[in-house]
Structures are given as structure tokens and as C-alpha cells.
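Notes follow the structure.
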Amino acid sequence: MVLRIEDTDADRSRPELIQAIYDSLTWLGIDWDEEYRQSDRFDQYIAAAKTFLDDGKAYYCDCTQDAVKERAEARGAGASGYDSFCRDRDVAPGEGVVIRFLTPDTGTTSWEDAIRGTVEFENALLEDFIIVRSSGVPMFHLANAYDDLDMNITHVVRGEDLVNTTPRVLLLREALGSTEHPMYAHLPLIVNEKRQKLSKRRDDVSVGDYTARGYLPDAMRNYLLTLGWGPKDEIEIRPIQEFVDAFELSDINKSPAFFDIKKLDAFNGDYIRALPIDEFVAQAIPYLGDVDPALFARMAVFVQDRVKRLDEVAPFVDWIHGPPAEPTDKEWKKAMRNEKTSAALTLIAERLATCEWTPEALEAVVFGVGGELDVKTQLPARVAVTGRGSGIPLFEPMAEMDRSVVIERINAALAKLA
RNA sequence: GCCCCCAUCGUUCAGCGGCCUAGGACACUGCCCUUUCACGGCAGGAACACGGGUUCGAAUCCCGUUGGGGGUGCCA
């Protein structure tokens, strides 16, 4: 596999952006054995452009962008783009001069797309596009056509937003002397809730957005696989190799797919639960905050099936050695609504002062009082001790705490109740 | 404006002329499990955009309408 960094536009090729490409591919487990940068190969593209010039397949043009636009507007509705103004003007190279590719005025350019079938464009509609900027830097299409040929690229799989530019590359390849072309496959776009193409500005599209929130690469990869394609047996979560075996480019859908974060969450939760416990602990450590990793390791088995993302782990355990949460009114009322709760908590606090300090003993105290007073005591005790209305089983983490702290928290709850 | 493309439950995928009174997953609702919340189990509501054809038969093929998206850069 070849990794080609298409950095013909200096503005968009900042080091951190290129680093993001490496990071994303690595995170997803995609690896490559050859690497090229188009910025290292400008000479070759320019040389190719020069032969086009010599062969009359390209020409210099000194029209300004404004002039091109003005003439297009003057021509009125229907036509846009460049009007071939300089084709026969014999413009000399120099300041502000670009090289344009001479596109045919008749005929059609078409290809058999692996996903879309036959796609055909009228050549008359293709403008004489720029292949070398006035700065002397080659443009994407030229570099692309040249490299695909030079590197014997067999498959070009990319977003549907590139279909319209494919004829340009095809024409360029032809000019370069190629009679064949790679298999093109134009993928449906992944869209946001507004059904629009994901944009870097508005939407989370980089891997960093997802690692920060604790998504597992395998889960992401698996979820992405179910967008625009699905296995015929309808089993959506399975080992990657099974997908590889079943996958067929031609089975990919043509319509755009919404990136449903809720479903990604569900997949991620599945993958988290499938992790061996020590692997889960290892993965969760970066998301722990102030929580002691050893303590977390002891509680991990209770946390594992309660999270969909790794960044959700801390709140399940941070109250054990850290301060309790502040319960919401709703949580508090739900837990404390029974009038016997106050008496129960009082009794519990008393017995906690002297009981054995093990999960079993703590459970016996809390449930024992509940049984005697015929009131549910687990939730009130939980809210008093953790500050939250839900969470991992109560007694194991409680046994990790100091006796005095537990009693103190229950007394504080009692004070609030009074 | 012009060019290209798309159209099955809320979302996503299955369906490629009869197996479809349309299936799975996510989400949602209810029940079971549980002295929290999850996990797990069970059940339920929920879709072939519309109109014409073709055919004995259409979600599946063709045409149109409507709706949506992409492109239209000296970006990729």
C-alpha cells in the first residue's frame, strides 16, 4: 500500500495537518509500505506540463480571476468557468500567467464506477482548467493523474464530492499517454444531522475528537463499516476479518449516510464490555483524572458494563476517595421521599460505627435496617454516601472508604433531611 | 443558473421481479431480572416519497414529478 501526501497546496499542508493523517491512519490500524509527498515531485509534474505545452495540449493564460469571472457573468446563466479566452493568444510565460489544459469541445468522457456504474460527462461542459498556478506550483489534478500512472495505482476510492473532477484526471491521463485507468469507486458522503457533508469547522471529523471521548478504534472501524454498506447476514458487530471477507466495493450504497453518534456509542459500549478486564483497566487509566488506578482496578468490573465511552469512567469512582457529588433535587427527592428514611439512616449510621468493615457486613447493616423498618435503604444510603442516584454496586466501594467518612456523609444527609 | 448524483422504519443496513402481511441493528415504549443504575432477556410501535408505465406479478425494471445532496476555486 502506498501513502501519498497530496500537498500541492502549501496553505493546507501544515505539519500538524499531515501529522493528523498519520495519527488517524495509525489509530484505525491502517498501515503502508511506501510513502510519497507530492511536494517532493513538483519537477516531474512541471515537466509533464511542459510536454503538454509542446504538444499543444496546454497553453499559457494571463487572464485574471476577476476577468474570468466577469466574462462568465456576462455570458449569463448556464455557463460558468473559464471561456478558453487564451487558447490562441500565444501568451508568453511570466508574472501572473498560468498553464491551462486544453479540453476537447466535443465528445464525452466516461468511466465505469465500481459503485455508481457508468458515469458520463459532456466534454463541451469541461472548462480549460488550470494545471500549473501562476506561482509555478502544479495543481492537484495534474499531480494526481501523473502519480496514479507513475505509481500504478489500481483503485481510487474516494468521496462522491470528487466525481465531477474525475473527467479532468481521465483527460490528463490520456494526454500522458495512458489508455487505461484505475478502478474508480465514489463513496457516498457521510452527513451530519442536517444531511450535509461533514465539515471540519462544524462537525467532529478528526480522530482526536473521538479518542478524547474514549472511543475504541475497533468500535469506530466497525461502526464506519455499517455506513453505506452492510453484511448480507445482517450481523453488524463482528471481527474485522469477517468484514474483509464479505466486503465488496460494488455492494456499497449510493446514498449518503448520517453519522449517528448514538449508534457509535452503542457499538463502543459493546466493544468495551468485550474487553478482558485488565485490558479495560489499561485503556481507562488515561481517563481517570484524580482517581487512583489501583482503586479503579478493584472497581473496574463494576464499571465496565456501565459505560459506553471511556471518558465516562471517572464519575463512577471519583467519590470513593474524593468529595461526593451534589445530588440533584430529583435524585434527592426520589431517594428520601419515604418518611421512614430518616430513622433508617440514623440507625444505619449507628451500626456502621461498630460493624465489621467489609462489603458483606456493610450490606448486612444497610439491608438489615431496611428489613426491620420495612423501607428501601439502598438508594438513600447511596445518595448520602456518593451524592449520586445511580452507580456501581454500593458496598464494595464503601468498604474502600474510611469508616469516619462514611458516617460523616450519612450524618450530613440526615442534617439536610431534618 | 448549469453539471453530476441520490430516494426502504426517527437513524442505519438487508432486500437485487414472486420466499415481503418488508427483516436486523441503534434509538424509543412496556415487561422480566434487580433494595441504585447498567448489563442481559422478552414484547411492541415504526418505512418501500408521489405519479405513470413494463410484467401474470414490482420495494425491486423504465419514465416523469417532488424532495435532498454534491460540484461549479490559481482547494483537495
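A note on names: the letters A, B, ... follow the listed sequences, proteins ahead of strands, and every chain is numbered from 1.
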Watson-Crick or G-U wobble partner for [N], using a 3.5 Å limit on both distances?
N     : value
B:G1  : B:U72
B:G40 : B:C32
B:A7  : B:U66

Considering only the [atom1] atoms, how many Å lie between [N] and [M], rounded to the nearest integer?
N     : M     : atom1 : answer
B:C42 : B:A49 : P     : 31 Å
B:C19 : B:A59 : C1'   : 15 Å
B:A38 : B:C61 : P     : 44 Å
B:C63 : B:C74 : C1'   : 43 Å
B:G40 : B:U34 : C1'   : 11 Å
B:C50 : B:C33 : C1'   : 48 Å
B:A58 : B:C26 : P     : 34 Å
B:G30 : B:A14 : P     : 31 Å

When all nucleic acid strands are considered with a 4.0 Å heavy-atom cut-off, which category describes [X]: base, sugar-phosphate, or nothing?
X        : value
A:Leu264 : nothing
A:Thr386 : nothing
A:Arg116 : sugar-phosphate
A:Val163 : nothing
A:Phe140 : base
A:Gly96  : base
A:Glu236 : base
A:Phe129 : nothing

Regarding [X] and [Y], do their side chains bring together a donor and an acceptor under 3.5 Å, going by distance alone?
X        : Y        : value
A:Tyr59  : A:Asp128 : yes
A:Asn144 : A:Arg4   : yes
A:Thr118 : A:Glu112 : yes
A:Arg158 : A:Thr166 : yes
A:Glu34  : A:Tyr36  : yes

Side-chain donor or acceptor of [X] under 3.5 Å from a matching atom on the base of [N]?
X        : N     : value
A:Glu160 : B:G70 : no
A:Lys263 : B:A25 : yes
A:Ser134 : B:C74 : yes
A:Gln196 : B:G69 : no

Tell me: [atom1] of [X] to [atom2] of [N], nearest whole Å?
X        : N     : atom1 : atom2 : result
A:Glu234 : B:A14 : CD    : C1'   : 4 Å
A:Glu127 : B:U72 : CD    : P     : 10 Å
A:Trp229 : B:G15 : CH2   : P     : 10 Å
A:Leu126 : B:U72 : CG    : P     : 13 Å
A:His141 : B:G71 : NE2   : P     : 12 Å
A:Lys232 : B:C16 : NZ    : P     : 9 Å
A:Lys254 : B:C5  : NZ    : P     : 11 Å
A:Leu125 : B:C3  : CG    : C1'   : 6 Å

So does [X] get a side-chain nitrogen or oxygen closer than 4.0 Å to the phosphate oxygens (OP1/OP2) of [N]?
X        : N     : result
A:Arg133 : B:C75 : yes
A:Arg238 : B:A25 : no
A:Asn253 : B:C13 : yes
A:Asn164 : B:C2  : no

Exercise for the section: Quick one, give me the B/S/- string for nucleotides 35-43 of chain B, reading 5' to 3', where B means a protein heavy atom under 4.0 Å from the base and S means that only happens at the primed atoms, P, OP1 or OP2. Expected result: BBBBSS---
Completion exercise
Checking B:U11, B:G69, B:G71 against the side chain of A:Leu189 (C-beta onward), the nearest is B:G69
Handout entry: Pairwise 5' ranking along RNA chain B for A:Ile130 and A:Thr226, keeping only the more 5' one
Key = A:Thr226
Fill in the blank from the handout: The residue, A:Lys197 or A:Lys262, whose nearest nucleotide of RNA chain B is more 5′ is A:Lys262
Exercise for the section: Check each of A:Phe267, A:Tyr210, A:Tyr215 against A:Tyr223 using the ring-ring contact (aromatic ring centres under 6.0 Å, His included) test, and report the only one that passes. Expected result: A:Phe267
Problem - Flag, side chain of A:Asn268 to backbone of A:Leu216, donor-acceptor distance under 3.5 Å - result: yes
Practice task
Kindly say whether A:Lys194 contributes a backbone atom to a donor-acceptor pair with the side chain of A:Asn192 at under 3.5 angstrom?
Solution key: yes
Practice task
Might you point out which heavy atoms bring A:Trp27 and A:Pro217 nearest each other, and give the distance in Å?
Solution key: O-CB, 3.1 Å
Exercise for the section: Assess the pair A:Phe140 and A:Tyr45: is the distance between their ring centroids shorter than 6.0 Å? Expected result: no
Problem - Minimum side-chain heavy-atom gap A:Ser342-A:Leu414 below 4.5 Å - result: yes
